[in-house]
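Residue numbers start from 1 in every chain, and the chains themselves are labelled A, B, ... in the order their sequence lines are given, proteins ahead of strands.
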Amino acid sequence: MRILQLHSNYIEYKPIQKEIAMAEEAAKEAKRLEEIVVLFTAVEEGDNETTAQKAIDEVKLFLEKLKVNRVLIYPYAHLSSNLAKPSEALKVVRAMETYAKEKGIETYRAPFGWNKQFTISIKGHPLAEQSRVILPAKAEEEKAEKVSEAVKAEEKLESFWYILQPDGKMVPVEAFNFRGHENLEKFAKYEISKVRASQQMPPHVPLMKRLEIADYEAGSDPGNIRWYPKGRFIKSLIEQYVTAKVVEYGAMEVETPVMYDFSHPSLADYLNRFPARQYLLKSEEKELFLRFAACFGQFLMIHDTQFSYRHMPLKVYELTRYSFRREKSGEVVGLRRLRAFTMPDCHAFCTDLEQAKKEFIIRFKLCIQVLEGIGLSKEDYETAIRFTKDFYEENKDFIVSLAKIFGKPVLVEMWKEPFFYFRLKWDFNFVDNQDKAAALSTDQIDVENAKRYDITYVDEKGERHYPLILHCSPSGAVERCVYALLEKAYKQQQKGEPPTLPVWLSPTQVRIIPMSDKYLENCEKIAETLETQQIRVDIDDRPLTLQKRVREAEMEWIPYIIVIGEKEIKSDVLPVRDRKAKKIRKIKLEEFISEVKKQVQDKPFKPLPLPRQVSKRPQFYG
RNA sequence: GCCUCGGUAGCUCAGCCUGGUAGAGCGACAGCCUCGUAAGCUGUAGGUCCCGGGAUCAAAGCCCGGCCGAGGCUCCA
């Protein structure tokens, strides 16, 4: 809806002739109103009664400022090129009139559908002329209400919390002794009571800026992050790594669109199962939403795919860059929770529960491996397993086997009734320095979507069936992995250890510092040697003191620093300053090379993301 | 969405309470220093004190309104 709002000394108008068949009845006589706010109003497609009310609410606020309480609603089509149908428009205009009267505003209205002649005198003050656009209280909102009914019903479902031990013993959370499992305790508290202790800013935020990994981007929407070369580099390596692991597991990598038609039947239905948290966009007449996972694209693809039990479990994978979730502004923080994020998403289509369970175990192990590779061990995260009571009773051994594989007690959430579209779900959760938990890897058994998307496979007898679908993100959002690594590093620091990133993810693995520019050439030679071995090396050739350059290398968390001077040219051992060991070790170049290579084996490699000479680098932050 | 805090140099921040010439450190730039493992020295440039209005002789500062950001709450399928 578009309104041109004019604070007027007076307006005179006179209906001349009916313009459309829908026109209201009206006398063809002049009408004059004084000291009034005129609302030239164009009703646009999608507007409804809620829009009308919203418009009046806005106008009313304004009237209070002007200290006027008299309006004329003047239907005026020329403000928009996207007009509603006359029948709709009239309804909306009438709704405005009624609502305004209810709100105690002295309300007049010019007839709808007429060609009118008018004279107006507008007051000169700065606020006299205003144009406003009231966005339709969109269809989504109505849907959201429908949804929230469903969600409310689900909210009523009670959760029962337990701790499941690797030996299969399950005790209520209150009865569990958390000694030696402090993180699990924090996680359980976080999940159950939502108690939070900390007031501080998440430590990873200043770190991500200072290390020139990532930063907020004020020019975008909250939770849409700017990644500097080093950050892009780290992210990219993790992306490559996760993808390689999933492909090795046997999934086929695909790519699907980032946006989908809001009115597509399968999608609309699925969307309605979730709170309205999408980014919406309008293109010509189409309403689109940005995907919040890879499910849609993959389901639509598999719907059109011919496959039988022989191909199953059928595994499809996509690294979504990006998935979008329009989280409430207050929820978005640092890299923990974003509105645009990179999500590896792997679906497995299984014939029956037996196959699904087998696959589930394989994937559970895969996820542990993937996180381990990224640099997060079982010490760093906690597991939650969530299921319905029925499922538990029928699959006790299976669930216990998960806990056994994990090898630590896990948090259990049990429901009496089916919850959303899954029967069983687990997630790994990182507990950070604010005692907040963030989910990383997850997998779930989906019993519903095959039907919704009409995905079927052919069995041995040639009959069609709906498969079970497993949804897995082997690492969780890649950005969140970076968050976890930074938070972990901060924890190390708090314990008095040097904060580090895994060597394979360190943008610079080795920093060479010449004592003076006399030794630059020697440094270049060593750098070449390391580089041919796929070790990322750079040279701090800046004319600064040695101490200062060592300090800055340490502050960049570079794992190895080598200073080259007179002694080094004459000897075949190098003084390697080892960040983790906190000392300088004399070691031969070949030995050093094999030591570094040992630490990064099996991991993807990318060359240095910045100029080799530190003097050639811009400063992105600070 | 609610509550709280904030917006001053590229960055981190002081100044604001108690109105009177715009500050520091770091960084950048220019130069000196050629150095043995976490900050060498000197100098230069750099400002719409978020925006609008008000009261005042006078506003970065006080008052009102707005915008933006952050943290907390809530939320987290």
Side-chain angles (χ1 to χ4, degrees), chain A residues 61 65 126-127 147-148 150-151 154-155 190-191 194-202 205-206 209-210 212 215-223 270-278 292-293 295 323 325-334 336-339 341 384 386 419-422 425 427 429 434 436-439 442 444 446 448 471 476-477 480 498 511-520 540-558 560-568 574-579 582-585 617-622:
Chain A
L61 280 176
K65 266 192 225 163
L127 296 176
V147 174
S148 64
V151 170
E154 279 152 345
E155 275 169 1
Y190 183 83
E191 284 285 315
K194 311 284 180 191
V195 168
R196 249 136 279 175
S198 167
Q199 299 281 314
Q200 76 191 112
M201 184 174 170
V205 173
K209 295 183 184 189
R210 215 208 68 220
E212 294 193 325
D215 204 344
Y216 298 120
E217 176 52 75
S220 181
D221 201 39
Y270 187 32
L271 278 169
N272 289 343
R273 301 275 299 173
F274 294 101
R277 284 281 184 94
Q278 300 83 34
F292 45 87
C295 303
S323 285
R325 298 184 192 183
R326 227 193 56 86
E327 309 289 4
K328 282 191 253 167
S329 60
E331 300 162 358
V332 177
V333 46
R336 185 197 292 138
R337 199 168 177 77
L338 297 172
R339 282 185 171 179
F341 53 95
R386 306 160 204 265
F419 199 53
F420 291 110
Y421 53 78
F422 51 80
K425 168 184 184 185
D427 38 271
N429 294 269
Q434 295 176 302
K436 293 195 166 206
T442 177
Q444 40 192 264
D446 171 350
E448 210 176 76
H471 299 243
R480 197 171 264 188
R511 161 85 33 100
I512 301 178
I513 305 180
M515 288 294 291
S516 79
D517 43 19
K518 265 187 284 182
Y519 309 106
L520 256 177
D540 192 344
D541 57 334
R542 293 172 303 171
L544 301 171
T545 59
L546 175 64
Q547 288 185 66
K548 176 115 178 182
R549 285 178 291 167
V550 169
R551 174 177 148 89
E552 291 197 4
E554 290 288 4
M555 293 203 310
E556 274 184 62
W557 299 3
I558 294 170
Y560 301 102
I561 302 167
I562 302 174
V563 174
I564 298 294
E566 200 57 34
K567 277 191 252 165
E568 286 65 39
L574 298 170
V576 175
R577 187 175 162 122
D578 184 325
R579 179 175 177 78
K582 291 206 259 187
K583 62 178 177 194
I584 297 170
R585 290 155 44 214
R617 295 180 186 173
Q619 180 183 299
F620 289 96
Y621 180 84

- Checking side-chain contact (heavy atoms from CB on, under 4.5 Å) for the pair Glu212(A)/Gln619(A): CA distance, chi angles, key distance, verdict? CA-CA 9 Å; Glu212(A) 294 193 325; Gln619(A) 180 183 299; 4.2 Å; yes
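- When heavy atoms are screened at a 4.0 angstrom cut-off, Val205(A) is found touching no nucleic acid atom at all.
- For Asp221(A), the salt bridge (Lys or Arg N to Asp or Glu O under 4.0 Å) partners are Arg339(A), not counting sequence neighbours.
- The C1' atoms of C67(B) and A22(B) are separated by 24 Å, rounded to the nearest whole Å.
- Spacing of C1' atoms, G71(B) relative to A30(B), comes out at 42 Å, to the nearest Å.
- As rounded to the nearest Å, A9(B) and A14(B) have C1' atoms that lie 13 Å from one another.
- Among residues two or more places apart in sequence or in another chain, the salt bridge (Lys or Arg N to Asp or Glu O under 4.0 Å) test is passed with Arg210(A) by none.
- Take Tyr621(A) and apply the ring pair (Phe, Tyr, Trp, His ring centres under 6.0 Å) test, not counting sequence neighbours, and it matches no residue.
- In this structure, the OH atom of Tyr190(A) is 10 Å from the P atom of C75(B), given to the nearest Å.
- Rounded to whole Å, the separation between the P atoms of G25(B) and C41(B) comes to 12 Å.
- A donor-acceptor pair under 3.5 Å links the side-chain atoms of Tyr216(A) to the main chain of Gly334(A), judged by distance alone.
- Comparing C49(B) with C11(B), their P atoms are spaced 16 Å from each other, to the whole Å.
- Regarding Glu556(A), its CD atom lies at a distance of 14 Å from the P atom of G27(B), rounded to whole Å.
- Under the Watson-Crick or G-U wobble criterion, with both distances below 3.5 Å, C41(B) is paired with G31(B).
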- Note on the structure: Letter by letter from the 5' end, nucleotides 31-40 of chain B scores (B base, S sugar-phosphate only, - none; protein heavy atoms under 4.0 Å) ---BBBBBBB
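- Residue contacts shown for Arg325(A) include a base, since a base heavy atom lies under 4.0 Å away.
- Comparing A77(B) with U4(B), their C1' atoms sit 29 Å apart, to the nearest whole Å.
- Separating the CZ atom of Arg339(A) from the P atom of C76(B) is a distance of 16 Å, rounded to the nearest angstrom.
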- Test salt bridge (Lys or Arg N to Asp or Glu O under 4.0 Å) applied to Lys518(A) and Glu566(A), step by step: CA-CA 9 Å; Lys518(A) 265 187 284 182; Glu566(A) 200 57 34; 5.3 Å; no
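- Atom NZ of Lys425(A) and atom NE2 of His471(A) lie 10.5 Å apart (nearest 0.5 Å).
- Taking atom P in both G66(B) and G46(B), the straight-line distance is 37 Å, to the nearest Å.
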- Sugar-phosphate atoms are those with a prime plus P, OP1 and OP2; base atoms are the rest. Using that split, label each nucleotide of nucleotides 3-13 of chain B B, S or - for protein heavy atoms under 4.0 Å, 5' to 3'. -------BSS-
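- For G69(B), the paired base is C5(B) (Watson-Crick or G-U wobble, both distances below 3.5 Å).
- In this structure G10(B) sits in a base pair with C26(B), meeting the Watson-Crick or G-U test at under 3.5 Å.
- Distance noted for atom C1' between G47(B) and C33(B): 33 Å (whole Å).
- Nucleotide U56(B) is matched to nothing when pairs are restricted to Watson-Crick or G-U wobble geometry with both distances under 3.5 angstrom.
- Looking only at distances, no side-chain donor or acceptor of Arg549(A) sits under 3.5 Å from a matching main-chain atom of Ile513(A).
- In this structure, G36(B) forms no base pair with any nucleotide, since neither Watson-Crick nor G-U wobble geometry is met with both distances under 3.5 Å.
- By the salt bridge (Lys or Arg N to Asp or Glu O under 4.0 Å) test, Asp427(A) is found to be paired with Arg386(A), residues two or more places apart in sequence or in another chain being considered.
- Counting to the nearest Å, the P atom of A70(B) and the CG atom of Asp221(A) are 10 Å from each other.
- Side chain of Arg480(A) to backbone of Arg336(A): a donor-acceptor contact under 3.5 angstrom is found.
- Contacts of Val332(A) with the nucleic acid, taken as non-hydrogen atoms under 4.0 Å apart, involve only primed sugar atoms and P, OP1 or OP2.
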